[in-house]
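Everything on this sheet refers to the single structure shown next.
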Amino acid sequence: MAASGKLASFRLPPLPTVGELIKLYKLRAEKQLSQNFLLDLRLTDKIVRQAGSLRDAHVCEVGPGPGGLTRSIINAGAADLLVVEKDTRFIPGLKLLSEAAPGRLRIVHGDILTFRMDRGFPVNISKPWEEDPPNLHIIGNLPFNVSTPLIIKWLENIANRTGPFAFGRTRLTLTFQKEVAERLTASTASKQRSRLSIMAQYLCTVHNCFTIPGRAFIPKPEVDVGVVHFTPLVRPQIQQPFKLVEKVVRNVFQFRRKHCHKGVEKLFPEACRVELTQEMLRKADVDPTLRPTELTIPQFRALADAYAHLCTHEPSLISYEFREELRLKHLAKQRNTAMDTLRDKAAGTPPGPQQPC
């Protein structure tokens, strides 16, 4: 216990400031990588506090960059911090931090989108899904260009209890563009209600913690940044496979300003579209004239259950994509037009009269 107390009170020795490290290693944010540095350690400390107690915790930090958030995580008492950084320019500065906190900071040069986090931590930290979350956290000031695909990937991991969620209900504390943060936490009938709202909230308790003004970052982004905390639910609000739920939600929200039946229709081939749409909405007991933003998660659960029921009777529905049907119809039309032209030429049919300019 004494060692644990020492760990919790550990503070990094005097080091160059994050700003000095940026100058020392001639670092600059790459616009194409959506990089924005957060140098104010009061703000990085505030982000870390949203994760809860990190005393003796295992933490994975996504995209540490010059290491501002990394310092705050170490100072909060994390016993084991694994940082995953894609950009080689930041590795020397992170190694400096690792030397200042021996045995507590591990550096992986890699892409978080492909990194196997389930192999990054010891199995003995796992907790059964029905119990409290494990003492494992994911924290990150995410580049804007990966934040949405990354959270969708992690939501699928939550649904399947894979990746970082093989250890249990691992909590996440992440930054997003303010608009994305608002979508993730938007309530029913909010104008920000979106596909992301449903996908995040049916799987997690989602909390919009606070907003960081863009001027706090270097370079200053055009938008403010929201800090969002996720805790996976013991029991997801929709008990269907992730990809099925995502397909239903995606189709419904593609016509967000129209009645929800417009999106539901696109789940079915044209030949049986009207009949199956009516059957699905009737089974789900959902008013077809509601807008997608007005649908509650229980109503999306009813829609997903009704769609799954129809798919068990007609398995080919699950692989149907209306955009592919449109593409094939367009190609067939092009082929028919080309064949008509060839037949006209072969028959010697004179071209039609020229139209006036």
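One-based numbering along the sequence shown.
Going from atom CD1 of I198 over to atom CG of L295 covers 7.5 Å, rounded to the nearest 0.5 Å. The structure places CD1 of I158 at 12.5 Å from NZ of K153, a figure rounded to the nearest 0.5 Å. Of the inter-residue distances, the one linking K178 atom NZ with R183 atom CZ reads 13.5 Å to the nearest 0.5 angstrom. Note that NZ of K283 and NE2 of H309 are 3.5 Å apart. Values are rounded to the nearest 0.5 Å. Atoms CD and CG, from Q50 and L174 in turn, are 12.5 Å apart once rounded to the nearest 0.5 Å. Taking CE of M199 as the reference point, atom CZ of F300 lies at 10.0 Å (rounded to 0.5 Å).
Within the 4.5 Å cutoff, the side chain of D118 has no heavy atoms near those of the N157 side chain. Contact check for F176 versus V227: no side-chain heavy atoms found under the 4.5 Å cut-off. You'll find the side chain of L196 reaches within 4.5 Å of the side chain of I151, heavy atoms only. You'll find the side chain of R193 reaches within 4.5 Å of the side chain of F253, heavy atoms only. Residues P64 and E85 have side chains in contact (heavy-atom distance under 4.5 Å, counting atoms from C-beta outward). Between V62 and I139, the closest side-chain pair of non-hydrogen atoms is not below 4.5 Å. At a threshold of 4.5 Å between non-hydrogen side-chain atoms, the residues R171 and I138 do not count as touching. For the pair L82 and I107, the minimum side-chain heavy-atom distance is 4.5 Å or more.
Not a single donor-acceptor pair under 3.5 Å links the side chain of E131 to the backbone N or O of P128. At distances below 3.5 Å, at least one donor-acceptor pair connects side-chain atoms of Q237 with backbone N or O atoms of Q201. Looking only at distances, no side-chain donor or acceptor of S98 sits under 3.5 Å from a matching main-chain atom of L94. Looking at Q239, its side chain never comes within 3.5 Å of a backbone N or O of R301 through a donor-acceptor pair. One N or O on the side chain of R106 and one on the backbone of G120 form a donor-acceptor pair closer than 3.5 Å. In this structure, N160 contributes its side chain and T162 its backbone to no donor-acceptor pair below 3.5 Å. The backbone N or O of K86 sits less than 3.5 Å from a side-chain atom of H109, completing a donor-acceptor pair. Proximity of a side-chain donor or acceptor of R161 to a complementary backbone N or O of A166 within less than 3.5 Å is not detected. Y202 contributes no side-chain N or O that, together with a main-chain N or O of S197, makes up a donor-acceptor pair within less than 3.5 Å. The backbone N or O of L142 lies less than 3.5 Å from a partner atom in the side chain of T175, making a donor-acceptor pair.
Minimum heavy-atom separation, G67 to L97: O-CD1, 3.9 Å. Summarising the geometry of V59 relative to A78, their closest heavy-atom pair is CG2-CB, 3.9 Å, with the distance given to 0.1 Å. The two atoms that bring P149 and N145 nearest to each other are CG-O, 4.0 Å, heavy atoms only. Closest approach of N135 to S53, counting heavy atoms only: OD1-O, 4.4 Å. When all heavy atoms of C60 and V84 are compared, the pair lying nearest together is SG-CG2, 4.1 Å. Heavy atoms only, all atoms of each residue included: P134 and K127 are closest at CA-CG, 3.7 Å.
Under the 3.5 Å distance criterion, with hydrogens and angles disregarded, no donor-acceptor pair is assigned to the side chains of S190 and Q192. T70 and E61 share a donor-acceptor pair across their side chains, judged by distance under 3.5 Å alone. Donor-acceptor pairing under 3.5 Å is lacking for the side chains of R71 and T44.
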Apply side-chain contact (heavy atoms from CB on, under 4.5 Å) to the pair D224 and I212, showing each step before the final yes or no. CA-CA 6 Å; D224 294 338; I212 305 173; over 6 Å; no
Derivation and outcome, side-chain contact (heavy atoms from CB on, under 4.5 Å), residues N208 and L184: CA-CA 8 Å; N208 195 343; L184 284 162; over 6 Å; no
Worked check of side-chain contact (heavy atoms from CB on, under 4.5 Å) between D287 and L281: CA-CA 7 Å; D287 181 348; L281 289 165; over 6 Å; no
Test T173 against H229 for side-chain hydrogen bond (donor to acceptor under 3.5 Å, both in side chains), laying out the working first. CA-CA 4 Å; T173 307; H229 182 75; 2.9 Å; yes
Assess whether salt bridge (charged side-chain N to carboxylate O under 4.0 Å, His left out) is satisfied between D80 and R104, documenting all intermediate values. CA-CA 5 Å; D80 172 37; R104 297 179 59 201; over 6 Å; no
Could you walk me through whether N251 and F322 pass the side-chain contact (heavy atoms from CB on, under 4.5 Å) check? CA-CA 10 Å; N251 275 274; F322 91 98; 4.1 Å; yes
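Residues Y320 and M280 are members of separate hydrophobic clusters, defined by side-chain heavy-atom contacts under 4.5 angstrom among Ile, Leu, Val, Met, Phe, Trp and Tyr. Both V286 and I297 sit in one connected hydrophobic cluster of ILVMFWY residues. Membership requires side-chain heavy atoms under 4.5 Å apart, directly or through other members. Hydrophobic clustering of Ile, Leu, Val, Met, Phe, Trp and Tyr side chains at less than 4.5 Å, counting indirect connections, keeps F255 apart from L290. I91 is connected to V83 through a chain of hydrophobic side-chain contacts under 4.5 Å among Ile, Leu, Val, Met, Phe, Trp and Tyr, so both are in one cluster. Side-chain heavy atoms closer than 4.5 Å link hydrophobic residues (I, L, V, M, F, W, Y) into clusters, and following such links, possibly through other members, connects L244 to L276.
For F242, there are no ring-ring contact (aromatic ring centres under 6.0 Å, His included) partners, not counting sequence neighbours. With sequence neighbours left out, the side chain to side chain contact (heavy atoms under 4.5 Å, CB included) criterion links P221 to N36, F144, F217.
Between K191 and E182 there is no salt bridge, since none of the side-chain N atoms of the basic residue sits less than 4.0 Å from a carboxylate O of the acidic one.
Between F121 and the choices I125, V123, N124, the side chain to side chain contact (heavy atoms under 4.5 Å, CB included) rule is met once, by I125. Between W154 and the options L172, L203, T170, a side chain to side chain contact (heavy atoms under 4.5 Å, CB included) holds for only L172. Screening R323, K266, K262 against Q254 for a side-chain hydrogen bond (donor to acceptor under 3.5 Å, both in side chains) leaves a single residue, R323.
For the salt bridge (Lys or Arg N to Asp or Glu O under 4.0 Å) condition, the pairs that include at least one residue of residues 233-256, sequence neighbours left out, are E156-K243, R195-E246, E246-R250, R250-E321.
For the pair R169 and F230, the NZ or CZ position fails the cation-pi test of under 6.0 Å to the six-membered ring centre and within 45 degrees of the ring normal.
For CD of E275, the number of neighbouring non-hydrogen atoms (other residues, nucleotides, ligands) closer than 6.0 Å is 12 at most. For K220, the NZ atom counts as densely surrounded, since its 6.0 Å shell holds more than 12 non-hydrogen atoms of other residues, nucleotides or ligands.
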